[in-house]
Amino acid sequence: MAKKTPLYEVHKKLNAKLVEFTGYELPVQYTSIIDEHKAVRESVGIFDVSHMGEITVTGEGALNTLNYIMTNDFTDMPDGKVRYSLMCNENGGVIDDVLVYKMNDLCFLVVVNAANVDKDYKHIQNNKLENTTITNVSDFFAQIALQGKDAEKVMSKLVNLDEISKGYYTFTKDVDIQGKKVLISRTGYTGESGFEIYTNIDDAEFIYNLIIENGEIVPCGLGARDTLRLEAGMPLYGHEFDEEIKANEVCLNFAIKYNKDFIGKKALEENKAEFKRIGIELIDRGIAREGCELFDVKGNKIGYVTSGTMNPSNGKSIAMARVNISFNDDKLKVKVRKKELNAKVVKIPFIQK
Amino acid sequence: MELKDLKFTKTHEWLLIDGDTAKIGITDYAQHQMGDIVYVDLPEVDDEVEIDESICEVESVKAVSEILSPVDGTIVSINEDLEDAPEKINSNPYDAWIVEVKVENLSDDIMSYEEYEALDKE
């Protein structure tokens with residue numbers, strides 16, 4: 001029996017098409033994935049992302065624990081900053097990708113993928129260093145994402161913008177919205193500017209309804225969330241990486257800092273990357289989907305598609321792929337069912353800005 | 001053309017039978033389930049089709065669905081409009097036929113509009 005997020009009644013009222021996802025009943029779309037995707041690119045959309053997990057890491061040992069368990073370095077991080085990181089196993093494989101929010105030197109919030117909450121909590125709990133407390137607070141938080149160039153205009157109707165942080169990957173806690181306390185972060189999974197708003201579960205419906213009173217805001221589901229993040233070139237656990245895929249093979253090296261010890265560091269240093277992540281676009285008609293095999297123009301297999309779709313912004317078939325690190329051509333072939341379709345390598349992100 | 005003139009399958013295809021040929025498409029229920037249709041992988045004229053075998057694939061943003069043939073026969077015509085405007089299947093599912101087939105045999109399982117509407121659509 002799937003769980004319901006605090007916004008379930010809202011989704012029902014909006015006639016969302018609901019699916020079970022990571023143990024929750026969530027909207028895959030309200031109207032159309034294409035329209036919802038375009039709304040975020042052209043104005044503003046709102047998402048229920050309450051299924052995401054939240055884990056606190058607190059105590060004198062919190063910084064050391066995070067530096068040991070995560071690939072990124074959190075030393076010298078100002079309060080109110082957010083940092084992206086990978087979390088590896090001993091073999092350098094990726095257990096999850098996370099966002100780390102620094103409240104203060106003794107308190108960090110780690111936001112993790114919905115599919116991995118229990119696994120991530122166990123891993124952090126089992127590997128924490130001394131003087132650190134780990135708590136899974138996922139059931140206490142709801143999360144609403146407001147994404148698109150008009151997101152700030154909408155937010156300005158709810159809060160004084162001077163009272164919240166301005167920079168990308170920063171956040172402000174204890175923001176008052178009509179007596180409710182929320183955390184507002186300048187983050188998102190769409191490639192647009194916008195906000196992710198963390199609320200108590202009891203306040204979620206109130207905050208959501210308050211937001212949508214303030215403009216032509218399009219409710220967006222998981223379908224658009226996936227096409228948006230793919231168009232923005234953002235990876236997804238279970239597609240671009242998983243526990244079998246090494247962290248140094250996914251073109252996220254900015255999040256791996258070798259100047260400190262961390263779980264998986266030795267494996268990554270000893271095993272050079274053999275694969276890399278690229279973006280491709282089909283030239284022939286068709287859609288490249290996850291799992292489709294890729295070949296160079298001579299017919300040698302070079303890799304496979306990790307995520308693929310028809311891009312609602314421009315109607316092109318785009319995909320992210322895992323290919324041999326030595327592949328440097330600009331043309332390739334994609335095997336879609338029985339056909340071999342011509343494709344070209346394109347820069348990630350796919351968004352034309 | 002009215003819905004009661006069509007025949008239906010439990011896999012949500014419709015047929016408009018005209019003498020020894022039939023036009024085949026997917027129902028409103030099917031297009032709604034699929035969401036935005038973004039690509040139709042049309043077969044070729046003269047391809048043979050068999051009852052319960054795939055005629056072709058229709059892709060939505062999220063998934064690929066097979067259109068199962070309700071007839072044994074040969075494809076005589078394909079709806080090329082769907083190459084550039086696959087979304088016509090969403091907006092006019094009973095107008096946007098996908099293939100026209102010369103029918104050798106009809107499936108025993110095709111049903112009337114009333115029988116199709118009475119199905120418990122899960």
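Below, chains carry the letters A, B, ... as their sequence lines are ordered, and counting in each starts from 1.
Contact check on E192(A) versus R41(A) returns a salt bridge, with a Lys/Arg side-chain nitrogen under 4.0 Å from an Asp/Glu carboxylate oxygen. Ion pair D226(A)/K62(B) flagged as a salt bridge, since at least one NZ, NE, NH1 or NH2 atom sits closer than 4.0 Å to an Asp/Glu carboxylate oxygen. With salt bridges taken as basic N to acidic carboxylate O contacts below 4.0 Å, one links E243(A) and K119(A). Salt-bridge formation is detected for the pair R337(A)/D41(B): a Lys NZ or Arg NE/NH1/NH2 atom is positioned less than 4.0 Å from an Asp or Glu carboxylate oxygen.
Of all residues in residues 306-315 of chain A, those placing a non-hydrogen atom less than 4.5 angstrom from a non-hydrogen atom of chain B are T309(A), M310(A). Residues from residues 21-36 of chain A that place a non-hydrogen atom less than 4.5 Å from a non-hydrogen atom of chain B comprise V28(A), Q29(A), S32(A), I33(A), I34(A), given in numerical order.
With no hydrogens or angles considered, a side-chain donor-acceptor pair links T187(A) and E196(A) at under 3.5 Å.
The distance from the NZ atom of K7(B) to the CD1 atom of I17(B) is 6.5 Å, given to the nearest 0.5 Å.
Using bins of under 30°, 30° to 60° and over 60° for the plane-to-plane angle, the ring pair Y208(A)/H11(A) lands in the perpendicular bin.
Neither the backbone nor the side chain of E87(B) comes within less than 4.5 Å of any heavy atom in chain A.
In this structure, I110(B) and P70(B) approach most closely via the heavy-atom pair CG2-CB, 4.0 Å. Minimum interatomic distance between D97(A) and P235(A) (heavy atoms only, all atoms of both residues): OD2-O, 4.2 Å.
Ranked by non-hydrogen atom pairs under 4.5 Å with chain B, the options R285(A), K339(A), K17(A) are led by R285(A).
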Review point. Could you walk me through whether I55(B) and I98(B) pass the side-chain contact (heavy atoms from CB on, under 4.5 Å) check?
Key: CA-CA 10 Å; I55(B) 298 177; I98(B) 300 173; 6.0 Å; no
